[in-house]
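Accompanying notes for the structure given below.
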Number of protein chains: 2
Amino acid sequence: MSEQELSTEKTILEAAKKVFLDKGFDGARMQEIADEAGINKALLHYYFRSKDKLFDAIFEEAFKQFLPNISEIMVSDRSIEEKVRAFVGHYIDMLQNNPYLPVFVIRELQRKPDTILEILKKSKINPIQVAVILKQQTEGGQIIDISLPHLIVNMIGLCVFPFIGRPIIEGFLFNNNTEAYNAFLLERKTLVADFILNAIKLK
Amino acid sequence: MSEQELSTEKTILEAAKKVFLDKGFDGARMQEIADEAGINKALLHYYFRSKDKLFDAIFEEAFKQFLPNISEIMVSDRSIEEKVRAFVGHYIDMLQNNPYLPVFVIRELQRKPDTILEILKKSKINPIQVAVILKQQTEGGQIIDISLPHLIVNMIGLCVFPFIGRPIIEGFLFNNNTEAYNAFLLERKTLVADFILNAIKLK
DNA sequence: GTCTATATCGGGATAGAC
DNA sequence: GTCTATCCCGATATAGAC
């Protein structure tokens with residue numbers, strides 16, 4: 001595999017990612033990807049035999065990026081407060097750098113919900129291990145009794161939803177003022193962490 | 001317009017709603033909608049000139065259904081606790097009856113983000129009025145100082161996200177156990193309300 | 001490896017009979 | 001109002017020259 005080939009392949013992948021993330025599999029056009037990459041359609045098929053295969057090459061990476069590595073943050077000896085703040089901060093940062101990721105992943109999950117399980121099995125996330133940590137915190141009297149699924153869904157939901165609902169939030173709540181929307185996102189890095197900690201900490 | 005015509009139109013709309021909600025605009029096929037309605041493609045075009053127009057007939061209603069009427073619940077003289085519990089309970093109920101609604105709306109919002117503003121203008125939601133109510137609660141020393149956008153996004157996000165992330169939650173957190181997932185949803189009607197109230201109530 | 005040209009098919013839309 | 005048959009474009013995919 002020559003230098004040039006690697007470079008072309010990468011160019012195609014970047015172009016494909018851009019188009020697929022914006023339009024989704026059904027909405028994306030091979031022609032648009034080719035244009036974006038500055039090549040022609042035939043070359044796409046030369047590198048990736050079909051649209052499906054090209055898509056798969058994009059999706060797995062995007063999905064793994066979307067899934068925050070809860071285990072890594074939760075399994076440490078920092079305080080629960082530090083863990084929540086670290087998680088929310090890092091995750092919102094990542095989403096700001098990849099604002100289309102959530103809608104893309106969600107859309108395609110619905111299209112073929114089966115593919116994800118294999119990817120998840122390969123991931124390093126270990127819910128049981130995290131659940132044990134959580135139980136320790138609860139029994140130590142630091143936080144309320146909340147199950148891991150609820151806590152995870154709440155944390156991720158609070159981080160992700162502003163990106164999913166962007167058209168409504170920016171358009172309606174902020175009258176299409178993009179600066180106001182971005183300021184809103186920035187505020188959330190501390191606000192969401194405070195919100196979660198207030199909700200789960202025992203008083 | 002005869003009885004029969006109304007009936008056929010309704011049948012088409014129901015079929016279209018089912019297919020569009022599942023596949024999205026790009027993924028939906030007029031043939032599939034016709035099959036679902038037990039008629040043929042030509043008749044679809046007879047009633048709704050184009051796929052676009054048929055889609056529009058579905059989308060506006062779905063979008064209005066998806067938008068919870070915050071104003072109606074917030075503008076009342078009930079306590080903040082009652083308001084939050086009523087909102088979360090009703091909204092999760094509605095989502096359980098329309099589990100595909102969130103992903104559908106989100107997907108199509110991304111496709112044409114402009115259309116929503118007109119729909120929203122026509123809605124009865126009045127953010128300013130709600131913001132005033134919120135301010136009163138804050139100044140009355142009942143809840144923490146949180147802006148309306150953050151509170152709305154948090155409340156809606158916590159309700160909606162379990163439906164958006166269903167494939168991951170049901171598939172991974174609950175090992176594809178649908179009963180466990182449904183039980184989880186049921187728990188959330190009180191859990192989410194508690195979570196929000198804990199987070200915002202002044203101690 | 002990259003291009004142009006083309007095959008092939010699927011899907012939205014229309015014509016026209018009944 | 002409902003059907004069958006068909007048009008026609010657009011999109012994936014391939015053939016073949018360079």
Side-chain angles (χ1 to χ4, degrees), chain A residues 1-62 100 104 107-108 110-112 115, chain B residues 1-62 100 104 107-108 110-112 115:
Chain A
M1 208 181 277
S2 70
E3 289 286 329
Q4 182 55 32
E5 187 173 347
L6 259 180
S7 168
T8 305
E9 192 175 327
K10 255 194 161 174
T11 309
I12 293 175
L13 283 171
E14 270 172 36
K17 181 170 183 179
K18 186 168 175 186
V19 176
F20 277 135
L21 257 75
D22 185 32
K23 305 284 176 68
F25 179 83
D26 292 322
R29 297 289 162 249
M30 294 295 267
Q31 183 62 60
E32 192 178 351
I33 295 173
D35 292 346
E36 182 73 33
I39 56 167
N40 59 16
K41 282 189 292 177
L43 207 53
L44 291 184
H45 285 90
Y46 175 79
Y47 278 90
F48 304 84
R49 291 170 37 86
S50 67
K51 184 182 180 184
D52 261 291
K53 288 197 168 48
L54 177 53
F55 179 82
D56 289 346
I58 301 299
F59 183 73
E60 178 160 346
E61 197 204 329
Y100 291 139
F104 170 71
R107 178 169 30 196
E108 305 305 334
Q110 170 126 341
R111 218 169 50 87
K112 36 180 184 170
T115 36
Chain B
M1 210 180 277
S2 72
E3 290 283 329
Q4 182 55 33
E5 188 173 345
L6 260 179
S7 168
T8 304
E9 192 175 328
K10 253 193 162 175
T11 309
I12 292 175
L13 283 171
E14 271 171 35
K17 182 170 182 179
K18 187 170 174 184
V19 175
F20 277 135
L21 256 75
D22 186 32
K23 306 284 177 68
F25 180 83
D26 292 323
R29 296 291 163 251
M30 293 296 267
Q31 184 61 60
E32 191 179 352
I33 295 173
D35 292 346
E36 182 74 32
I39 56 168
N40 58 16
K41 279 193 293 177
L43 207 54
L44 291 183
H45 285 90
Y46 175 78
Y47 279 91
F48 303 84
R49 290 170 37 87
S50 68
K51 185 182 181 184
D52 261 291
K53 288 196 167 49
L54 177 54
F55 179 82
D56 289 345
I58 301 297
F59 183 73
E60 179 160 345
E61 197 204 330
Y100 291 140
F104 171 70
R107 177 170 30 197
E108 306 305 334
Q110 170 125 343
R111 220 170 47 87
K112 37 179 182 170
T115 37

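The shown structure was predicted, so the numbers you read here are calculated from the model rather than taken from an experiment. Note on naming: letters A, B, ... go to the chains in the order of the sequence lines (proteins, then strands), and numbering restarts at 1 for each one.
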Exercise. Pick the nucleotide of DNA chain D nearest each of Gln31(A) and Ile39(B); which residue has the one closer to the 5' end?
Worked result: Ile39(B)
Just compare [options] and give me whichever is closest to any side-chain atom of [X].
| X | options | value |
| --- | --- | --- |
| Tyr46(B) | dT2(D), dA13(C), dC3(C) | dT2(D) |
| Leu43(A) | dT12(D), dC3(D), dC3(C) | dC3(C) |
| Lys51(B) | dT14(D), dG1(C), dA13(C) | dA13(C) |
| Ser50(A) | dA15(C), dG1(C), dA13(D) | dA13(D) |

Exercise. With a cut-off of under 6.0 Å to the ring centre and 45° to the axis, is Arg107(A) in cation-pi contact with Phe104(B)?
Worked result: no
Should [X] be listed as having a side-chain N or O under 4.0 Å from OP1 or OP2 of [N]?
| X | N | result |
| --- | --- | --- |
| Arg29(B) | dG12(C) | yes |
| Asn40(A) | dC3(C) | yes |
| His45(A) | dA13(D) | yes |
| Tyr47(B) | dT2(D) | yes |
| Thr8(A) | dT2(C) | yes |

Could you tell me how far apart [X] ([atom1]) and [N] ([atom2]) are, to the nearest whole angstrom?
| X | N | atom1 | atom2 | value |
| --- | --- | --- | --- | --- |
| Asp35(B) | dC3(D) | CG | P | 12 Å |
| Phe48(A) | dT2(C) | CZ | C1' | 16 Å |
| Asp26(B) | dA11(D) | CG | C1' | 13 Å |
| Asp52(A) | dA13(D) | CG | P | 7 Å |
| Phe55(B) | dG12(C) | CZ | P | 14 Å |
| Leu54(A) | dT12(D) | CG | P | 11 Å |
| Ile12(A) | dC3(C) | CD1 | P | 10 Å |

Problem set entry | N-O pairing of Lys51(A) and Asp26(A) below 4.0 Å | no
Exercise. Taking side chain as C-beta onward, heavy atoms only, is Glu32(B) less than 4.5 Å from Lys23(B)?
Worked result: yes
Exercise. Heavy-atom distance under 4.5 Å between the side chains of Phe20(B) and Ile33(B), does that happen here?
Worked result: yes
Exercise. Is the base of dG12(C) touched by the side chain of Lys41(B) through a donor-acceptor pair closer than 3.5 angstrom?
Worked result: yes
Exercise. Where do Arg111(A) and Glu108(A) land on the salt bridge (charged side-chain N to carboxylate O under 4.0 Å, His left out) test, with the steps shown first?
Worked result: CA-CA 5 Å; Arg111(A) 218 169 50 87; Glu108(A) 305 305 334; 2.6 Å; yes
For this session: Mind checking Ala28(A) for me? I need base, sugar-phosphate or nothing, with any heavy atom below 4.0 Å counting as a touch.
Result: sugar-phosphate
